[in-house]
Amino acid sequence: MLYVEKISRAESFADLVNISMTILKESNPVGSTNMGIIIYNNLWPDISKHGVDHDIRTLNAIKSKLQEFSPTDENQDDYHLLSWFLEINLHELERLRWWESAHYLSSTILSGIISLTRKKVPDQTSRVRSIIARLRSISPLIKGEQRRIIEPVKIWTEVEINSINGLIDYLEGVPELFKQESETLLDELIKTIEYAQNELKKHLIWLNQLDGGPIRTRPEAYSELLEKRKIGLNVEELEQLGWDYLESTLNEMQDIANNIHNGDVEELRKLIRMDHAKDFDEVIQHYQLLADKARKFLIDKEIVTMPKERLEIIRTPGPMKKFLSIAAAGMPGRFDEDQTGYFYCTVHDDLSMLEEHSFAYQPLLIAHESYPGHHLHGAAKNIHPSMVRTNIFSHPSPNTGLMYSSKLADITEGWGLYTEEMMWKAGYENDPNNPNLRQRFLQVNAARWRAARIVIDTQLHTGRMSFDEAVNFLMDKTGYHKKTATAELMMYSRSPGYFSSYLLGKHQLTELRNKTKNLISDQEYHDQIIYAGNVPYWFIEKKILENLNQ
């Protein structure tokens, strides 16, 4: 209750933000580490039921205190954003209540250790000592997880068992990342890892004895989530958007297949995938070349104003390969002095995985993950001075139980998908007068996959589609193997609203650009998106239209 008392003493909006920020950083130490705040590097969050209750009390106290102040001309944007963040985060905790069923021990530990392995500040020795401190205190974290779960879901438990086994393997490789440290410190790290692995193996026994039921659904809470996100669509309208794109994408893929092949869509897909580099060394070299060209293209074509940033194309570190099969962006935290981002490319012994990096697909992946996608977006939004527009307030609780929160996905994931087509149309690795239809085919194929996600998301979380039906639907619409489709559905089932946001966000950003095309330049439009901070689509649309009216 001490936190609540501190919040109650806030004398102004700015005072409330500062007090709340201190409290939220301390109660979410792994999130703080990811943002570049180092003073909590030795700590874990409280993921017990007590931790959930603490987060709910804290956010309600901030919400109550906020209502005592009135917005001013200077702070009204942040005031309304904070009010929205509080409302939607409380909805996740109080109405969705995924924390009652979801396991997030493995993801908490993985995030808390990986962030310390890849950061450059503080010094390496200090980070190793923080890893040791965290792993030494792993037992209370495990007990908190076990006591919190009251309504386990069978398939989620099965996934967590696999994740814990993967985590045990991951920890085995951590000392190799710090082999230049002293023998004494390395020995301490190895012994601490052995202790943590043993504790996790005990947890596996508990997991294997855990009974579980089917995936839970909360149709009313899901419908309320869409309303609170202000996406402008109800459940039925969002689902229809998915069906519309499923039809239009199939038609366009067929048109392309008729144009450049023999009309066989599946055969064309396989043909495109087979056109790739001879090995992963060449794949990484080509990604570097494409990233350099994309960055220069953005500057030369004045598509976006470049923030201070730096990108490294690197092989996915060994311990991370179990959790990252193709590629991903690693973005710097808001408070990191070094704003270097990473494009992780996972190298496999199985050379058939080269098909995931076809020559036609690589430019799309660089646009989505790096320039001007997630990497550039992350670096640009880190510049915004408002503390309200950081993860401290957008993701204040480590205890929602969601694998991915949907609150900002329409802009974060929507922007990534939007950039693929935008860069292609602008002429990046493509001649608009003689379009690269192989790239276009893959773009449309990706949109079809995201359209299927919309239908699944809206039906699965309203109880109108079972897990197995969703797996079969995804296989039918995308051609995925059952193993891949099942893995996808594991994520969808833990993330209501999130995976429908890729295509929704891209659709919204494209529609807004069409409305503003003759009023502001591409650079002005894109800058207002990426430099706005950690904000949702509805806020960006509101500000762009307000600026045009003014």
Side-chain angles (χ1 to χ4, degrees), residues 106-107 110-111 113-115 117-118 158-159 161-177 179 266 268-292 294 311-331 341-371 373-375 403 416 420 429 438-439 441-443 445-446 449 471 474-475 478-491:
S106 61
S107 60
L110 185 65
S111 179
I113 302 303
I114 281 184
S115 58
T117 65
R118 68 179 181 85
E158 292 170 356
V159 170
I161 289 171
N162 290 333
S163 296
I164 293 293
N165 279 314
L167 179 59
I168 291 171
D169 292 343
Y170 165 81
L171 291 174
E172 193 72 31
V174 169
E176 182 67 19
L177 303 174
K179 57 186 177 182
E266 287 305 315
L268 177 58
R269 183 187 285 115
K270 292 176 183 177
L271 191 66
I272 293 172
R273 286 172 59 85
M274 291 299 294
D275 185 21
H276 54 68
K278 67 179 185 299
D279 55 38
F280 276 100
D281 286 339
E282 186 178 337
V283 166
I284 292 174
Q285 291 171 7
H286 196 226
Y287 275 129
Q288 185 65 65
L289 174 66
L290 289 171
D292 292 341
L311 178 70
E312 291 185 14
I313 309 287
I314 63 173
R315 294 169 179 246
T316 304
M320 291 173 59
K321 289 173 67 174
K322 189 172 183 68
F323 304 95
L324 181 59
S325 62
I326 301 175
M331 294 173 285
Y342 300 94
F343 179 93
Y344 294 116
C345 178
T346 301
V347 173
H348 295 270
D349 294 331
D350 179 4
L351 294 185
S352 69
M353 289 298 291
L354 288 167
E355 294 180 16
E356 304 296 344
H357 304 274
S358 69
F359 289 125
Y361 185 56
Q362 283 189 280
L364 306 180
L365 197 57
I366 283 293
H368 187 117
E369 301 291 350
S370 302
Y371 293 118
H374 295 320
H375 162 70
M403 184 172 286
E420 295 181 23
E429 293 299 290
R438 287 190 166 203
Q439 285 187 23
F441 181 89
L442 293 182
Q443 285 177 26
N445 185 57
W449 165 33
V471 169
L474 189 61
M475 291 169 62
T478 65
Y480 280 162
H481 294 299
K482 186 170 184 177
K483 183 177 179 180
T484 303
T486 301
E488 285 277 310
L489 259 295
M490 291 297 186
M491 295 190 296

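Both backbone and side-chain heavy atoms feed into the values below; hydrogens, waters and symmetry mates do not.
- Between the CE atom of M274 and the CZ atom of R269 there is a distance of 15.0 Å, given to the nearest 0.5 Å.
- By the ring pair (Phe, Tyr, Trp, His ring centres under 6.0 Å) test, Y361 is found to be paired with no residue, residues two or more places apart in sequence or in another chain being considered.
- Side chain of E369 to backbone of A329: a donor-acceptor contact under 3.5 angstrom is found.
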### Message
I'd like to know whether L442 forms a side-chain contact (heavy atoms from CB on, under 4.5 Å) with R438, so could you lay out the CA-CA distance, the side-chain angles of the two residues, the decisive distance to 0.1 Å, and finally the verdict.
### Response
CA-CA 6 Å; L442 293 182; R438 287 190 166 203; over 6 Å; no
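- Between the E488 side chain and the L474 main chain, no donor and acceptor come within less than 3.5 Å of each other.
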### Trace of the side-chain contact (heavy atoms from CB on, under 4.5 Å) decision for T346 with S325
CA-CA 6 Å; T346 301; S325 62; 5.8 Å; no
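- In this structure, N165 contributes its side chain and I161 its backbone to a donor-acceptor pair below 3.5 Å.
- Counting non-hydrogen atoms of other residues, nucleotides and ligands closer than 6.0 Å to CG of D349 gives a total of 12 or fewer.
- Summarising the geometry of I284 relative to R315, their closest heavy-atom pair is CD1-CG, 3.3 Å, with the distance given to 0.1 Å.
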#### Entry: Pair Q285-L289, side-chain contact (heavy atoms from CB on, under 4.5 Å): steps then yes or no
CA-CA 6 Å; Q285 291 171 7; L289 174 66; over 6 Å; no
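- Looking at every heavy atom in both residues, S163 comes nearest to S106 through CB-OG, 3.5 Å.
- Atom CG of L268 and atom CZ of F441 lie 4.5 Å apart (nearest 0.5 Å).
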### side-chain contact (heavy atoms from CB on, under 4.5 Å) between Q362 and V283, worked out
CA-CA 9 Å; Q362 283 189 280; V283 166; 3.8 Å; yes
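- Across all their heavy atoms, Y344 and R118 have their closest contact at OH-CD, 3.4 Å.
- Residues meeting the ring pair (Phe, Tyr, Trp, His ring centres under 6.0 Å) test with H276, sequence neighbours left out: none.
- Counted by atom type alone, D292 and Q288 present one or more donor-acceptor pairs between their side chains at under 3.5 Å.
- The two residues L311 and F343 make their nearest non-hydrogen contact at CD1-N, 3.8 Å.
- The nearest pair of heavy atoms linking Q439 to E429 is NE2-O, 3.1 Å.
- For the atom pair L171 CG and I168 CD1, the distance stands at 8.0 Å (nearest 0.5 Å).
- Closest heavy-atom contact between Y371 and A294: CB-CB, 3.8 Å.
- By the 30° and 60° cut-offs, the orientation of the rings of W449 relative to Y480 is perpendicular.
- Atom CG of L365 is separated from atom CD1 of I326 by 8.0 Å, given to the nearest 0.5 angstrom.
- Looking at S111, its side chain never comes within 3.5 Å of a backbone N or O of S107 through a donor-acceptor pair.
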